[in-house]
Amino acid sequence: METVTITMKNPPALYLEADTITPDTFAGKTAAQIAELPVFEGNTASTLGRYFEIAGNAGTTAADTKIIVKGDVKKVKYLGMKMSAGEMVIEGSADQYVGAWMTGGKLLAKGNVEAFAATAMKGGELIIEGNAGNYLGAAYRGDWRGMSGGKILVKGNAGSDIGMYMTGGEMVINGNVDVHLMTHAEGGKTIVKGNAPSKVGGQMVDGTIFIFGSIDTMMPGFKPNGEVELEVEGVKATFAHYIGDMGERHKKKKGAIVYANLYKKI
């Protein structure tokens, strides 16, 4: 695998839209060719080389390419957007849409990421060592298809509307989340090792939520369904099991109604 290191040398005054920073776009290019890739600062077209020092050459394919992003990129959007293979490491915090529409490969963000990370993610692995903003793994605005595959690990906290319209894949959040976890979800699994204040699983018709911490207010559409012993993320514990959201239409599988499952650690 070949490595390209890009280091911020000229931070933008406005937010920089840099969806070209992916192994897929870098593949087969020299450092000089990568420097000529287009970016936008506001509505002004520019090149990647105006903002970043580029070192190293990419591999022949995305799978053979690793990108290391250094410097202050808190005003850079779309890092790793639509990446399908290869690796990417963001050594600090980044703006919105990190790993959005990602289908493969591995993306590691060592700092925080803002909203809409992993929008409609279909595959691959996203690791966020800091905190994630709102709408992690959710659908794009106006769409009804959120995350459908892949895996997300957040070592810190995450914001509101996590996994909205999620249909597949898995998220593990080591800290707390805000309201509206997996709203409208039709599949997938989210594990929250901290607390979830309220509106957990609203209008959810399929999929699974595990909450290790507290839920301040349970949605009235979730019905208690006993207790169960489970091992989740290496932890053996007793969980209270709820099914729901009873206010929604539910599909049938082999004649049985399919409900969303909510497990709360006791």
Side-chain angles (χ1 to χ4, degrees), residues 117-123 125-126 128 132 134-139 143-155 157-266:
T119 291
M121 179 181 184
K122 293 183 177 179
E125 183 179 12
L126 172 61
I128 300 165
N134 301 332
Y135 296 99
L136 174 71
D143 202 345
W144 52 270
R145 294 160 294 191
M147 178 183 182
S148 61
K151 184 168 183 177
I152 300 172
L153 169 62
V154 180
K155 295 187 178 180
N157 302 316
S160 69
D161 299 280
I162 304 305
M164 185 184 69
Y165 287 109
M166 189 173 176
T167 62
E170 180 179 340
M171 282 195 274
V172 178
I173 298 162
N174 281 346
N176 304 320
V177 297
D178 206 340
V179 296
H180 293 296
L181 177 66
M182 287 186 80
T183 299
H184 299 293
E186 297 188 14
K189 179 170 72 176
T190 298
I191 299 165
V192 178
K193 294 188 175 178
N195 306 320
S198 64
K199 301 178 178 65
V200 177
Q203 297 181 304
M204 186 176 175
V205 297
D206 196 359
T208 304
I209 295 173
F210 291 91
I211 304 292
F212 280 44
S214 64
I215 300 174
D216 293 345
T217 305
M218 180 69 74
M219 288 287 295
F222 275 82
K223 175 184 174 183
N225 194 43
E227 298 178 359
V228 59
E229 298 281 339
L230 293 172
E231 181 173 345
V232 181
E233 283 289 299
V235 176
K236 292 182 179 178
T238 303
F239 290 82
H241 181 212
Y242 300 83
I243 55 174
D245 183 337
M246 294 298 174
E248 297 299 309
R249 293 181 181 178
H250 290 267
K251 61 188 176 186
K252 288 186 177 180
K253 187 175 182 180
K254 296 182 179 179
I257 298 175
V258 175
Y259 292 105
N261 294 284
L262 170 58
Y263 297 91
K264 165 71 178 63
K265 185 172 175 287
I266 298 173

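Everything quoted here is computed from the prediction, not taken from an experiment.
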Smallest separation among heavy atoms of Asn176 and Gly194, with atom names | OD1-CA, 3.3 Å

Please work out whether the ring planes of Tyr263 and His241 are parallel, tilted or perpendicular, with thresholds of 30° and 60°.
-> parallel

Give, for atom CD1 of Ile257 and atom NZ of Lys252, the distance between the pair rounded to the nearest 0.5 Å.
-> 5.5 Å

Could you tell me the separation between the CD atom of Glu233 and the CD atom of Glu231, rounded to the nearest 0.5 Å?
-> 10.0 Å

Report yes if some heavy atom in the side chain of Leu153 is under 4.5 Å from a heavy atom in the side chain of Asn174; otherwise report no.
-> yes

Between Tyr135 and Met164, is a side-chain contact (heavy atoms from CB on, under 4.5 Å) present by the stated rule, with each step listed?
-> CA-CA 7 Å; Tyr135 296 99; Met164 185 184 69; 3.9 Å; yes

Tell me, do Leu262 and Met218 make a side-chain contact under 4.5 Å, heavy atoms counted?
-> yes

Verify the neighbour count for atom NZ of Lys155: are there more than 12 heavy atoms of other residues, nucleotides or ligands below 6.0 Å?
-> no

How many angstroms lie between atom CG of Asp206 and atom CD of Glu248, to the nearest 0.5 angstrom?
-> 12.5 Å

Taking all atoms of both residues into account, what is the closest heavy-atom pair of Ala158 and Ile173, and its distance?
-> CB-CD1, 4.0 Å

Could you walk me through whether Ile211 and Leu181 pass the side-chain contact (heavy atoms from CB on, under 4.5 Å) test, one step at a time?
-> CA-CA 11 Å; Ile211 304 292; Leu181 177 66; 3.9 Å; yes

Taking side chain as C-beta onward, heavy atoms only, is Leu230 less than 4.5 Å from Phe210?
-> yes

Does the side chain of Ile243 come within less than 4.5 Å of Asn261's, by heavy atoms?
-> yes

Closest heavy-atom pair, Gly146 versus Thr167, reported as atoms and distance to 0.1 Å, is O-OG1, 4.5 Å

Between Lys251 and Tyr259, is there a donor-acceptor pair closer than 3.5 Å when you use the side chain of the first and the backbone of the second?
-> no

State, with a plain yes or no, whether a side-chain heavy atom of Met147 is found less than 4.5 Å away from one of Leu136.
-> no

State which residue, out of Asn134, Thr183, Val177, fulfils the side-chain contact (heavy atoms from CB on, under 4.5 Å) condition with Ser160.
-> Asn134

On the 0 to 90° scale, with breaks at 30° and 60°, tag the Phe239-Phe212 ring pair as parallel, tilted or perpendicular.
-> perpendicular

Considering only heavy atoms from C-beta outward, does the side chain of His184 approach that of Trp144 to under 4.5 Å?
-> no

One should read off an interatomic distance between Glu186 CD and Gln203 CD, to the nearest 0.5 angstrom, of 11.0 Å

Which residue, Ile162, Val192, Ile209, forms the side-chain contact (heavy atoms from CB on, under 4.5 Å) with Met182?
-> Ile209

Do Met219 and Met204 touch side chain to side chain, with heavy atoms closer than 4.5 Å?
-> no

With rounding to the nearest 0.5 Å, note down the distance linking CG in Leu126 to CE in Met121.
-> 5.5 Å

Looking only at heavy atoms, which two atoms of Asp161 and Ala138 are closest? And how far apart?
-> O-CB, 3.8 Å

All heavy atoms of Gly163 vs all of Ala185, minimum pair found to be O-CB, 4.3 Å

Got more than 12 heavy atoms from elsewhere within 6.0 Å of NZ, Lys199?
-> no

Given the rule in the side-chain hydrogen bond (donor to acceptor under 3.5 Å, both in side chains) test, do Asn195 and Ser214 qualify, once you have shown the distances and angles that lead to the verdict?
-> CA-CA 5 Å; Asn195 306 320; Ser214 64; 3.2 Å; yes

Please tell me if the side chains of Val205 and His250 come closer than 4.5 Å, counting only heavy atoms from C-beta onward.
-> yes

